[in-house]
Colleague: 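Sharing a structure here in structure tokens format.
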Amino acid sequence: MGAAYYIPDEPRPGRLAEYTVNPFWPLLTTMLAGSWAGLPWFIFNGKAMGSAGFRREALIAALTPAAAVVLAEVSASVIAALHLPDRSLAYAFVIITAAKLGAAYWLYMSQHRSFGIYEHFGGRVRQGAAVAVAAAIARDHVVRAAFEASNWLGIVVM
């Protein structure tokens, strides 16, 4: 009976390892298409490559939409309290977008460490450009439909 050898920073790929992509692709997808496509892809990619920080990455990806809603609510309250014009909401969207992109960049940096080790030791890597382009093309339709359904859903999806 042998002892299990475990290095905390080493990725442990699972059954989905053949679908691993460079974390650059989910980051680019978040930039071009929005968090509706990029954040779930980060979670899937982290699980596929067996990212050492998967739990932390999944938590950040799951909390980012909630943080966007909180930022929107706080921004709307501040704008109302200061009696600013409604067009001030556009600046709130800039803050929300910056927060989402900041979370996506953090996820990229976290996964990039594990990805480097995964790739160095011969892990299979797929190309993610087709998914990024398809999500960017679908962006307008998805975001418009989300805002038509609910402003809060639109804020989460954009």
Colleague: Once you round to the nearest 0.5 Å, how far does CD1 of I117 lie from CZ of R113?
Modeller: 10.0 Å
Colleague: What pairs with R126 under salt bridge (Lys or Arg N to Asp or Glu O under 4.0 Å), at least two apart in sequence or on another chain?
Modeller: E18
Colleague: Between side-chain atoms of residues 93-112 and protein atoms elsewhere (two or more places apart, or another chain), which donor-acceptor pairs fall under 3.5 Å?
Modeller:
{"from": "T97", "atom 1": "OG1", "to": "F93", "atom 2": "O", "distance (Å)": "2.8"}
{"from": "K100", "atom 1": "NZ", "to": "S35", "atom 2": "OG", "distance (Å)": "3.3"}
{"from": "K100", "atom 1": "NZ", "to": "I155", "atom 2": "O", "distance (Å)": "2.5"}
{"from": "K100", "atom 1": "NZ", "to": "V156", "atom 2": "O", "distance (Å)": "3.0"}
{"from": "K100", "atom 1": "NZ", "to": "M158", "atom 2": "O", "distance (Å)": "2.7"}
{"from": "S110", "atom 1": "OG", "to": "E57", "atom 2": "OE2", "distance (Å)": "2.7"}
{"from": "Q111", "atom 1": "OE1", "to": "N45", "atom 2": "ND2", "distance (Å)": "3.1"}
{"from": "Q111", "atom 1": "NE2", "to": "F42", "atom 2": "O", "distance (Å)": "2.6"}
{"from": "Q111", "atom 1": "NE2", "to": "E57", "atom 2": "OE1", "distance (Å)": "3.3"}

Colleague: Could you tabulate the donor-acceptor pairs under 3.5 Å formed by side-chain atoms of residues 136-147, not counting sequence neighbours?
Modeller:
none

Colleague: Give every residue pair that meets the side-chain hydrogen bond (donor to acceptor under 3.5 Å, both in side chains) criterion with at least one member in residues 62-77, sequence neighbours excluded.
Modeller: none
Colleague: Closest approach of W152 and A72, non-hydrogen atoms and distance?
Modeller: CZ3-CB, 3.7 Å
Colleague: Are there more than 12 heavy atoms of other residues, nucleotides or ligands under 6.0 Å from atom OH of Y19?
Modeller: no
Colleague: Is F115 isolated, or which residues cluster with it under the ILVMFWY side-chain rule of less than 4.5 Å, directly or via members?
Modeller: M49, Y118, V125
Colleague: Applying side-chain contact (heavy atoms from CB on, under 4.5 Å), can you list everything that pairs with A37, at least two apart in sequence or on another chain?
Modeller: T29, A33, A135
Colleague: Looking at residues at least two apart in the chain, or sitting in another chain, which of them share a side-chain contact (heavy atoms from CB on, under 4.5 Å) with A129?
Modeller: W25, Q127
Colleague: Honestly curious: do I60 and F54 fall in one hydrophobic cluster under the side-chain, below-4.5 Å linking rule?
Modeller: no
Colleague: Excluding sequence neighbours, so at least two apart, what forms side-chain contact (heavy atoms from CB on, under 4.5 Å) with V78?
Modeller: V74, L82
Colleague: I'd like to check the side chain to side chain donor-acceptor pair (under 3.5 Å) partners of W36; sequence neighbours left out, ordered by chain and number.
Modeller: none
Colleague: Is there a path of hydrophobic side-chain contacts, each under 4.5 Å between heavy atoms of I/L/V/M/F/W/Y residues, joining Y91 to L89?
Modeller: no
Colleague: Hey, which of L39, V21, V131 is the one that makes side chain to side chain contact (heavy atoms under 4.5 Å, CB included) with P26?
Modeller: V21
Colleague: If the condition is side chain to side chain donor-acceptor pair (under 3.5 Å), which residues does E148 pass it with, not counting sequence neighbours?
Modeller: none
Colleague: Return the CD to OG1 distance between E119 and T20, rounded to the nearest 0.5 Å.
Modeller: 10.5 Å
